[in-house]
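Each remark here refers to the structure printed beneath this line.
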Amino acid sequence: MKQAVFLDRDGVINEVLSKRVKFVNDANDFHLLDGVAEAIRFFNKAGFLVFVVTNQGGIGLGYMKEKKLQRIHKKMEADLKAQGATIDDIAYCPHKPNEGCPCRKPKAYLLKKLADKHYVDLPASVMVGDREPDIRAGQKAGCQTVLVHARTEDDFQADARFPDLRAAVPWIIAQKRAAAR
């Protein structure tokens, strides 16, 4: 089975709630965070599959249509590809917060769905997020968890905490080596 790095999108891969952009509801609002492409390149080279797992409640709330989300994701993939980084697959929840759907993080459905589709060993994989729902989803899926860019002192019992994705690379790569033993 394969190992994967599951990445939340907003706040891990791209800016959100910044001076430049509040929410990403249009491709023009999408800006990669510093070091993200470099980090994903390291994961690619180490042999991890790299997935994006994101709640996109703006669709359910009517702030954007799925076609706009597809354009945002195409821009994300193009921006990363231009820097030599590859995303293997993207899964998202389009439902409103508190709608009770099975796919919204902190539920683990999207991680498990990607794991089944790509033959991923969840306990040997890592979920990276910037908020509690990301960490809880990773824990429920049985993954190692990493909290980055946290806006709180609480670490939600994540296995590791780093200021950004690039800083988390050595720890995540070490998980690859540990699982190979």
Side-chain angles (χ1 to χ4, degrees), residues 1-14 16 24 30 32-56 66 69-94 102-131 133-149 156 158-162 164-181:
M1 294 194 80
K2 302 170 190 166
Q3 284 180 271
V5 177
F6 297 90
L7 302 172
D8 175 52
R9 195 191 79 189
D10 298 332
V12 174
I13 294 175
N14 60 276
V16 66
V24 180
F30 185 88
L32 287 175
L33 288 165
D34 289 340
V36 165
E38 177 185 11
I40 292 172
R41 263 195 331 267
F42 276 115
F43 303 146
N44 295 149
K45 288 179 184 174
F48 283 103
L49 293 174
V50 179
F51 303 124
V52 174
V53 181
T54 180
N55 289 342
Q56 292 298 316
E66 287 194 62
L69 180 63
Q70 298 304 327
R71 284 194 288 273
I72 292 165
H73 287 165
K74 284 188 188 317
K75 182 177 188 319
M76 174 183 66
E77 289 176 307
D79 290 354
L80 289 167
K81 186 176 182 179
Q83 296 185 54
T86 304
I87 298 292
D88 293 291
D89 207 344
I90 301 168
Y92 64 92
C93 169
C103 56
R104 188 170 182 86
K105 294 178 294 178
K107 294 177 183 166
Y109 174 80
L110 293 177
L111 283 81
K112 290 177 179 178
K113 182 178 166 186
L114 286 167
D116 288 346
K117 179 179 176 183
H118 295 279
Y119 307 102
V120 168
D121 180 359
L122 285 168
S125 298
V126 179
M127 173 69 206
V128 182
D130 67 324
R131 297 177 49 240
D134 306 317
I135 301 307
R136 297 289 177 239
Q139 291 165 338
K140 288 175 184 174
C143 295
Q144 298 287 321
T145 56
V146 175
L147 183 67
V148 298
H149 294 290
F156 313 113
D159 295 296
R161 180 184 184 134
F162 296 95
D164 56 42
L165 187 59
R166 181 173 32 198
V169 168
W171 189 90
I172 293 171
I173 298 295
Q175 304 317 302
K176 179 76 172 168
R177 283 195 220 90
R181 291 184 202 142

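Contact of the Ile87 side chain with the His73 side chain is not registered, since no non-hydrogen atoms from C-beta on lie closer than 4.5 Å. Inter-residue side-chain proximity for His149 and Asp164 is flagged as met; some heavy-atom pair is nearer than 4.5 Å. Contact check for Phe30 versus Ile13: side-chain heavy atoms found under the 4.5 Å cut-off. By the 4.5 Å heavy-atom criterion applied to side chains, Phe162 and Val128 are not counted as neighbours. Counting heavy atoms from C-beta on, the side chains of Leu80 and Val36 come closer than 4.5 Å. Here the side chains of Val50 and Thr86 are not in contact, with every heavy-atom distance at 4.5 Å or above. At least one side-chain heavy atom of Val146 sits under 4.5 Å from a side-chain heavy atom of Val126. Contact annotation: the side chain of Leu7 approaches that of Ile40 to within less than 4.5 Å [non-hydrogen atoms, C-beta and beyond].
Salt bridge status for Lys117 with Asp89: present, with a side-chain N to carboxylate O gap under 4.0 Å. The pair Lys112-Asp116 does not meet the salt-bridge criterion, since no charged nitrogen lies less than 4.0 angstrom from a carboxylate oxygen.
Interatomic distance, OG1 of Thr54 versus CG of Asp10, reported as 5.0 Å (0.5 Å rounding). Taking CG from Leu111 and CG from Asp134, the interatomic distance works out to 9.5 Å, rounded to the nearest 0.5 Å. Put simply, CZ on Phe43 and CD1 on Ile173 are 6.0 Å apart, with the number rounded to the nearest 0.5 Å. With rounding to the nearest 0.5 angstrom, the CG atom of Asn14 is 8.5 Å from the CD1 atom of Ile72. To the nearest 0.5 Å, the span separating CD on Gln3 from CD1 on Ile172 amounts to 11.5 Å. Taken to the nearest 0.5 Å, the NZ atom of Lys74 stands 13.5 Å off from the CG atom of Asp79.
The environment of Asp34 atom CG is sparse: at most 12 non-hydrogen atoms of other residues, nucleotides or ligands sit within 6.0 angstrom. Counting heavy-atom neighbours within 6.0 Å of Lys140 NZ, excluding the residue itself, gives a total above 12. The environment of Lys2 atom NZ is dense: over 12 non-hydrogen atoms of other residues, nucleotides or ligands sit within 6.0 angstrom.
The shortest heavy-atom contact between Gly84 and Asn44 is O-OD1, 4.2 Å. Among all heavy-atom pairs drawn from Ala85 and Ala37, the shortest one is CB-O, 3.5 Å. The heavy-atom pair separating Asp130 from Gly11 by the smallest distance is OD2-CA, 3.5 Å. Between Ala108 and Ala141, the shortest heavy-atom contact is CB-N, 3.7 Å. Nearest heavy-atom pair, Ala91 versus Leu114, reported as atom, atom and distance to 0.1 Å: CB-CD1, 3.8 Å. For the pair Ala39 and Leu165, the tightest heavy-atom approach, listed with the atom from each and the gap, is CB-CG, 3.7 Å.
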(request) Give the intermediate values and the outcome of side-chain contact (heavy atoms from CB on, under 4.5 Å) for residues Asp159 and Gln175. (result) CA-CA 11 Å; Asp159 295 296; Gln175 304 317 302; over 6 Å; no

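Between the side chain of Arg9 and the main chain of Val52, no donor-acceptor pair closer than 3.5 Å is present.
Considering only residues two or more places apart in sequence or on other chains, Gln70 meets the side chain to side chain contact (heavy atoms under 4.5 Å, CB included) condition with Tyr92. Remark: Phe51 engages Phe6, His118 in a ring pair (Phe, Tyr, Trp, His ring centres under 6.0 Å) (not counting sequence neighbours). Residues passing the side-chain hydrogen bond (donor to acceptor under 3.5 Å, both in side chains) test with Glu38 are Arg166, sequence neighbours excluded. Shown here are the side chain to side chain contact (heavy atoms under 4.5 Å, CB included) partners of Arg136, two or more places apart in sequence or in another chain: Pro106, Glu132, Gln139, Phe156, Gln157. For Asp88, there are no side-chain hydrogen bond (donor to acceptor under 3.5 Å, both in side chains) partners, not counting sequence neighbours. Taking the side chain to side chain contact (heavy atoms under 4.5 Å, CB included) definition, one finds that Asn55 meets it with Cys93, Arg104, Lys105, sequence neighbours left out.
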